[in-house]
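What follows is a short report on a single structure.
First listed ligand is number 1; within each ligand, the first listed atom is number 1. Worth knowing before you read on, the calculation uses all heavy atoms, side chains too, and leaves out hydrogens, waters and symmetry mates.
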Amino acid sequence: MNLKGRSFLRILDFTPEELTYLLDFSAELKAEKKAGKYEVQQKRCAGKNVALIFEKTSTRTRCSFEAAAADLGMHAVYLDPSGSQIGKKESIADTARVLGRMFDGIEYRGFAQKTVEELSAYAGVPVWNGLTDESHPTQILADFLTIREHFGRLKGIHLCYMGDARFNMANSLMAGCALMGMKFTACAPEKYFPNKELIVQCQKIAEKTGAVLEFSSDLNAVRGADVIYTDVWVSMGEPEAVWEERIRDLLPYQVNADVMKRAGPQCRFMHCLPAYHNTETGVGKDIYAKFGLEALEVTDEVFESSQAIVFDEAENRLHTIKAVMAATL
Ligand code: CP
Ligand code: NVA
């Protein structure tokens with residue numbers, strides 16, 4: 001399998017075979033790191049340079065790219081949301097052509113999907129999407145590696161997504177499930193179902209892979225799910241004013257003990273993180289003061305339960321991002 005020179009802008013950029021290869025490679029790199037084979041990893045991309053552009057904040061994605069680059073013997077340059085000329089004084093096309101001359105690969109986190117696509121069109125080096133409003137492909141690799149570790153397979157696994165299924169996470173999970181022959185359920189009010197065009201595209205893929213895509217507003221849709229997945233109800237870049245409407249619409253779809261019980265004891269809880277499961281965050285405190293809610297998309301009880309595998313998932317961001325860089329550079 002040769003992925004050299006390829007960008008990773010959305011999960012649909014890769015075939016099921018290519019995704020399987022990236023997951024196998026991630027597992028290999030994870031084992032290599034755990035075995036302390038530092039010199040082996042250092043040689044994989046020694047002497048290369050990568051640029052990491054973040055127009056939105058990040059903990060996991062930034063740290064994974066930086067730590068993975070260091071493990072692979074590379075140097076990473078971080079460009080924060082305000083410290084460069086991007087967008088304000090220099091277009092994306094010009095930025096891409098400048099950075100493409102200096103770096104071997106570029107990570108981009110921002111707003112519109114078309115921005116990361118334009119960056120890739122002009123850069124001449126691999127570009128990796130570290131999250132846009134529409135998609136979060138590197139997160140899906142970490143999620144699928146985690147599912148494989150816990151269930152031994154992806155095919156036939158039933159992943160049920162609860163909450164706002166219109167944004168990056170549900171879009172990318174649906175596409176990933178379609179590619180890998182899984183069952184994907186969006187359990188949400190109808191107006192929060194994924195984008196219709198993407199559903200049609202994913203249904204076509206599902207016909208070939210045996211995947212099943214389902215959309216339901218009935219909480220019984222969680223029955224028998226292997227994984228219940230949720231994400232924040234208000235994503236980065238959205239106005240604070242939408243909280244009230246989201247809480248009203250999505251509170252019935254909060255992942256709580258009742259939902260986990262309905263799903264069954266085999267079910268594991270996943271979340272891309274960060275999560276609002278208590279009042280220990282700035283937003284959590286504000287929401288508690290305004291709406292009297294101690295938790296939003298997931299209760300603290302579920303988040304801290306033995307069914308939650310969110311920190312395995314977070315760790316796997318490092319190993320999968322490392323695989324993407326090492327495979328495409
Ligand atoms: N899951 C995720 O992308 O987290 P960060 O926003 O912290 O990078
Ligand atoms: N939907 C979330 C995902 C964060 C990793 C956001 O875009 O803010």
Donor-acceptor under 3.5 Å ([X] side chain, [Y] main chain):
| X | Y | result |
| --- | --- | --- |
| Gln113 | Leu9 | yes |
| Arg317 | Glu313 | no |
| Gln42 | Ala70 | yes |

Counting only nitrogen or oxygen atoms and a 3.5 angstrom limit, does His136 reach ligand 2?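 N/O-N/O distance below 3.5 Å does not exist for this pair.
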
Relative to atom 6 (C) of ligand 2, which among Cys272, Ser235, Ser135, Gly130 owns the nearest non-hydrogen atom? Ser235

Classify the angle between the aromatic ring planes of Phe311 and Phe303 as parallel (below 30°), tilted (30 to 60°) or perpendicular (above 60°).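 Taking Phe303 first and then Phe311, their aromatic rings stand perpendicular (interplane angle over 60°).
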
Once you measure the plane-to-plane angle for His271 and Phe269, does it fall in the parallel (<30°), tilted (30-60°) or perpendicular (>60°) bin? perpendicular

Checking contacts here: is it the side chain or the backbone of Arg109 that comes within 4.0 Å of ligand 1, counting heavy atoms only? Could be both or neither. side chain

For ligand 1, the portion of Leu273 having any non-hydrogen atom under 4.0 Å away: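 Near ligand 1, Leu273 shows its backbone, while the atoms from C-beta on stay back.
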
Around [atom], find the nearest protein heavy atom and jot down its residue, atom name and distance.
| atom | value |
| --- | --- |
| atom 8 (O) of ligand 2 | Met236 N, 2.8 Å |
| atom 4 (O) of ligand 1 | Arg60 NE, 2.8 Å |
| atom 4 (C) of ligand 2 | Leu131 CD1, 3.9 Å |
| atom 3 (C) of ligand 2 | Asp231 OD2, 3.6 Å |

Contact atoms of ligand 1, heavy-atom distance to [X] under 4.0 Å:
| X | answer |
| --- | --- |
| Cys272 | 1 (N) |
| His136 | 2 (C), 3 (O) |
| Arg317 | 1 (N), 2 (C), 3 (O) |

Hey, does [X] come in under 3.5 Å of ligand 1, counting only N/O atoms on both sides?
| X | value |
| --- | --- |
| Thr59 | yes |
| Met236 | no |
| Ser58 | yes |

Check Leu99 against Ile106 and note the closest heavy-atom contact, atom names and distance.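 For Leu99 versus Ile106, the nearest heavy atoms are CB-CD1, 3.7 Å.
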
Is a donor from one side chain sitting under 3.5 angstrom from an acceptor on the other, for Tyr122 and Asp94? no

Applying the 4.5 Å side-chain criterion to the ILVMFWY set and letting contacts propagate, would Tyr161 and Ile147 be lumped into a single cluster?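 They do share one cluster, since a chain of ILVMFWY contacts under 4.5 Å joins Tyr161 to Ile147.
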
Reported OH-to-CG distance for the pair Tyr276 and Asp286, which is rounded to 0.5 angstrom: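 Rounded to the nearest 0.5 Å, the OH-CG separation comes to 9.5 Å.
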
Quick check with a 6.0 Å cut-off and a 45 degree axis cone: is Arg62 positioned over the face of Phe54's six-membered ring?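 No, a cation-pi geometry is absent between Arg62 and Phe54.
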
At a 4.0 Å threshold, what atoms of ligand 2 neighbour a non-hydrogen atom of Asn168?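 Matching atoms, with element in brackets: 1 (N), 2 (C), 3 (C), 6 (C), 7 (O).
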
Residue-level breakdown please: for Leu273 versus ligand 2, do any non-hydrogen atoms fall below 4.0 Å on the side chain, on the backbone, on both, or on neither?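 Just the backbone.
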
